Amino acid sequence: MQELFIYNTLSRNKELFRPLHEGHAGMYVCGPTVYGDPHLGHARPAITFDVLFRYLTHIGYQVRYVRNITDVGHLEHDADDGEDKIAKKARLEQLEPMEVAQYYTNRYHDAMDRLNVLRPSIEPHASGHIIEQIELVKKILNAGYAYESNGSVYFDVRKYNADTHQYGCLSGRTLDDQLSTTRQLAGQEEKRETADFALWKKAQPSHIMRWPSPWGDGFPGWHAECTAMGTKYLGNPFDIHGGGMDLMFPHHESEIAQNYAATGHEPCRYWMHNNMITIDGQKMGKSLGNFITLDEFFGGTHPLLSQPYSPMTIRFFILQAHYRSTVDFGNEALQAAEKGYHRLMEAYRTLLRLTPATKGDAEVSTYRQRCYDALNDDLNTPVVISLFFDIAKAINTAADHRTHLAQGDIEELKGLFDTFLFGILGLRDESAADNDSGLVEGLMRTILDLRATAKANKDWTTSDRIRDSLAAVGIAVKDGKDGATWERK
RNA sequence: GGUCGUGUGGCCGAGGGGUUAGGCGCAGGUCUGCAAAACCUGUUACUUCGGUUCAAAUCCGAACGCGACCUCCA
């Protein structure tokens, strides 16, 4: 089995991945809050951990991947009254809260499907696990690390730290930092310390989403859902917990605290965090006018976009940067990614129609191990992609008859594409033919044959007319040494 | 202000004490009826200032820039 090293935020080091249970791997990733259309901020973690999921599976683990749907207890960014995000939107649109959640869940799934992100093994809804969350809160109360106040329950950070734990161990913050930098806000008087966080919140009368509990009607605090659902489906502790860097504090920090309080040990072995994305060097935000949804990317409908970008262009672009680096979306960079992606796909098509040489003279045996080495080094997808540009060059050179690939070499290269580029990086050939492919192939062969005849007769008018009219319907004709080929633009 | 991260050539981005990243772009060439495609060649960089070292883009320190988080929601 491959030795995979992953960067553990907890230790700030790359560590060899060793599962808690031989042959099995459990991973939990914080999923979307379903109150709005999916955007780039959703694509990055989904793609990053999709690659991890695919790779762990590929190297032989039986993987259970849990990614939650958060559908309770949300507030608008600039909300004024603590009203539940989903409830608020529901009232505006005259829909049931769960109808809104379902609608955006479907939208999220559609976008992820287009990005070729595999569905996780289990996708639990927070609203479906209220009982488990209440049990968690009870446990923490019984352990003495929480207190009830006016119908809400808060985690007692000071008590927790006094008992040799450290709230802040993941993010590097000390309690003093937090106390001195926390502003005084309304509603804080229920807490003993401003750093305390809610385990259970009392619902105001206006709240639509509410559940009965030993402390009255209310809803769970944000951090409770991940602890409860991770435990339920992956055990406690489990292997890997992932999410965006923006969730490190307070969300993941609080999950660690909740778990220690409830069970006396850590929730998981490895914490992985993907970095954030920017648009033209700026963070994406509704107020900045650069908030672009995935649909707008696919359709090119946002004013900042000079053209549409296909799902695979976006996936390729994201994978061309390491997941712990920030990635900046700019038109120039996206166009470069689009061209690079097409180059690789075109090389694959060329490979498929290559005539094997009786004797090969190109070196193709080292790529496989180098791909593994890159992936084992904390999922270094940019290096894998760079290897494929080398492979593309090897294919093109052979197609140009400068070098030769034997049948075995061709099989090996084809295997590399299937395993790494398609299988693990999850790219796919978007211009690959659909159901009609047989028909289209046949038509195109006929047309290109006619053009070849025209060319043989030096009838340039006819041959150019064929080329131009094909271009008009989005088909590019490419003349090569062995006749013409075509591709969809 | 605090915490975490980051600063690479025209653009995007790996790497990371001495040995080519890669892509896109641009320039020249091969091929071609022309064009495109493909191939070849060229374009060689690490924010600034100190320090460590035989040797620093790579390590250490400081400054500056950028990003996330630091609050109620998730």
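Keep in mind that the numbers below use all heavy atoms, side chains included, and drop hydrogens, waters and symmetry copies. Every value quoted in this text rests on a predicted model; they were computed, and no experiment measured them. Here is the naming used below: chain letters follow the sequence lines, and residue numbers restart at 1 for every chain.
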Enquirer: Asn8(A) has an atom CG; how far is it from atom P of C4(B), in whole Å?
Expert: 16 Å

Enquirer: Once you round it to whole Å, what is the distance between P of C70(B) and CG of Leu247(A)?
Expert: 10 Å

Enquirer: If you assign Tyr7(A) and Gly480(A) each to the RNA chain B nucleotide with the nearest heavy atom, which residue ends up on the more 5' nucleotide?
Expert: Tyr7(A)

Enquirer: Please figure out whether Phe389(A) or Arg467(A) has its closest RNA chain B nucleotide nearer the 5' end.
Expert: Phe389(A)

Enquirer: Please state how far atom CZ in Arg465(A) lies from atom C1' in C34(B), giving the value in whole angstrom units.
Expert: 18 Å

Enquirer: In whole angstrom, what separates Phe197(A)'s CZ from C70(B)'s P?
Expert: 14 Å

Enquirer: For atom P, what is the distance between C24(B) and A36(B), given to the nearest Å?
Expert: 16 Å

Enquirer: Pull out every protein N or O sitting under 3.5 Å from an N or O of nucleotides 11-17 of chain B, one pair per line with the distance.
Expert:
residue, atom, partner, partner atom, Å
C11(B), O4', Glu332(A), OE2, 3.4
G13(B), OP1, Asp328(A), N, 3.2
A14(B), OP1, His322(A), N, 2.5
A14(B), OP1, Ser325(A), OG, 3.2
A14(B), O3', Asn380(A), ND2, 3.4
G15(B), OP1, Asn380(A), ND2, 2.9

Enquirer: Which nucleotide, in any strand shown, forms a Watson-Crick or G-U wobble pair with G50(B), with both distances under 3.5 Å?
Expert: C60(B)

Enquirer: Which one, G22(B), C73(B), C4(B), comes nearest to the side chain of Arg12(A)?
Expert: C4(B)

Enquirer: Nearest whole Å is fine: how far is A74(B) P from Met209(A) CE?
Expert: 12 Å

Enquirer: Determine yes or no for a side-chain-to-main-chain donor-acceptor pair under 3.5 angstrom, with Arg451(A) supplying the side chain and Ser463(A) the backbone.
Expert: yes

Enquirer: List, with names and distances, any nitrogen or oxygen atoms from the protein found under 3.5 Å away from nitrogen or oxygen atoms belonging to nucleotides 38-40 of chain B.
Expert:
residue, atom, partner, partner atom, Å
A38(B), O3', Asn396(A), ND2, 3.0
C39(B), OP1, Asn396(A), ND2, 2.7
C39(B), OP2, Arg343(A), NH1, 3.4
C39(B), O2', Arg402(A), NE, 2.8
C39(B), O2', Arg402(A), NH1, 3.3
C39(B), O2', Arg402(A), NH2, 3.3

Enquirer: Taking the P atom in each of C40(B) and A55(B), what is the distance between them to the nearest angstrom?
Expert: 39 Å

Enquirer: When the C1' atoms of U47(B) and U43(B) are considered, how many whole Å apart are they?
Expert: 22 Å

Enquirer: Could you tell me how the ring of His252(A) sits relative to the ring of His273(A): parallel (under 30°), tilted (30 to 60°) or perpendicular (over 60°)?
Expert: tilted

Enquirer: I want to verify a distance call: between G33(B), C69(B), C24(B), whose nearest atom is closest to the Lys339(A) side chain?
Expert: C24(B)

Enquirer: Round to a whole Å and report the spacing from NE2 of His252(A) to P of C70(B).
Expert: 13 Å

Enquirer: Quick check against the 3.5 Å criterion: does Asn8(A) have a side-chain atom that pairs as donor or acceptor with the backbone of Asn13(A)?
Expert: no

Enquirer: Can you see whether Asp361(A) engages His404(A) through a side-chain donor-acceptor pair at a distance of less than 3.5 angstrom?
Expert: yes

Enquirer: Looking at C73(B), G67(B), A74(B), which one has an atom nearest to any side-chain atom of Thr33(A)?
Expert: A74(B)

Enquirer: Using purine N1 to pyrimidine N3 plus N6-O4 or O6-N4 for Watson-Crick, or N1-O2 and O6-N3 for G-U wobble, each under 3.5 Å, what pairs with A35(B)?
Expert: none

Enquirer: Quick check: do Thr70(A) and Val34(A) have side-chain heavy atoms less than 4.5 Å from each other?
Expert: no

Enquirer: Between Tyr323(A) and Phe49(A), what is the ring plane arrangement, given parallel below 30°, perpendicular above 60°, and tilted in between?
Expert: tilted

Enquirer: I'd like the C1' distance from C64(B) over to U71(B), given in whole Å.
Expert: 29 Å

Enquirer: So, is Lys478(A) close to the A35(B) phosphate, meaning a side-chain N or O under 4.0 Å from OP1 or OP2?
Expert: no

Enquirer: If we only count heavy atoms from C-beta on, is the Tyr154(A) to Arg192(A) side-chain gap below 4.5 Å?
Expert: no

Enquirer: Need the pair for U41(B). Rule: Watson-Crick or G-U wobble, both distances under 3.5 Å, any strand; none if unpaired.
Expert: A27(B)

Enquirer: Looking at Glu253(A) and Arg173(A), is any side-chain nitrogen of the basic one under 4.0 Å from a carboxylate oxygen of the acidic one?
Expert: no

Enquirer: Taking atom P in both G7(B) and C60(B), what distance in whole Å separates the two?
Expert: 13 Å

Enquirer: Would you please say whether a donor-acceptor pair under 3.5 Å links the side chains of Ser152(A) and Trp215(A)?
Expert: no

Enquirer: Counting Watson-Crick and G-U wobble pairs only, both distances under 3.5 Å, name the nucleotide matched with U19(B), or none.
Expert: none

Enquirer: Looking at Phe422(A), does the NZ or CZ of Arg428(A) lie under 6.0 angstrom from its six-membered ring centre and within 45 degrees of the ring axis?
Expert: no

Enquirer: Under a 3.5 Å distance rule, please check whether Thr326(A) uses its side chain to pair with a backbone N or O of Asn275(A) as donor and acceptor.
Expert: no

Enquirer: Taking the C1' atom in each of G2(B) and U58(B), what is the distance between them to the nearest angstrom?
Expert: 29 Å

Enquirer: Got a sec? Which of residues 367-374 of chain A come in under 4.0 Å of RNA chain B, heavy atoms?
Expert: none

Enquirer: Give a yes or no on whether the backbone of Gly31(A) and the side-chain of Asn68(A) come within a donor-acceptor separation of less than 3.5 Å.
Expert: yes

Enquirer: Mind checking who U6(B) pairs with, Watson-Crick or G-U wobble, both distances under 3.5 Å?
Expert: G65(B)

Enquirer: Is it true that a side-chain atom of Asp196(A) and a backbone atom of Glu193(A) form a donor plus acceptor pair closer than 3.5 Å?
Expert: yes

Enquirer: Taking U3(B) as the reference, what is the distance to A62(B) when you measure between their P atoms (whole Å, please)?
Expert: 11 Å

Enquirer: Rounding to the closest angstrom, what is the interatomic distance between G9(B) and C26(B) at atom C1'?
Expert: 13 Å

Enquirer: Nearest whole Å is fine: how far is U30(B) P from Asp479(A) CG?
Expert: 19 Å

Enquirer: Taking 4.0 Å as the cut-off, does a side-chain nitrogen or oxygen of Lys191(A) come that near to OP1 or OP2 on C72(B)?
Expert: yes

Enquirer: Any side-chain N or O of Lys455(A) below 4.0 angstrom from OP1/OP2 of U32(B)?
Expert: no

Enquirer: Please work out whether the ring planes of His251(A) and His223(A) are parallel, tilted or perpendicular, with thresholds of 30° and 60°.
Expert: tilted

Enquirer: Return the value, rounded to whole Å, for the distance between atom CG of Asp246(A) and atom P of C70(B).
Expert: 9 Å

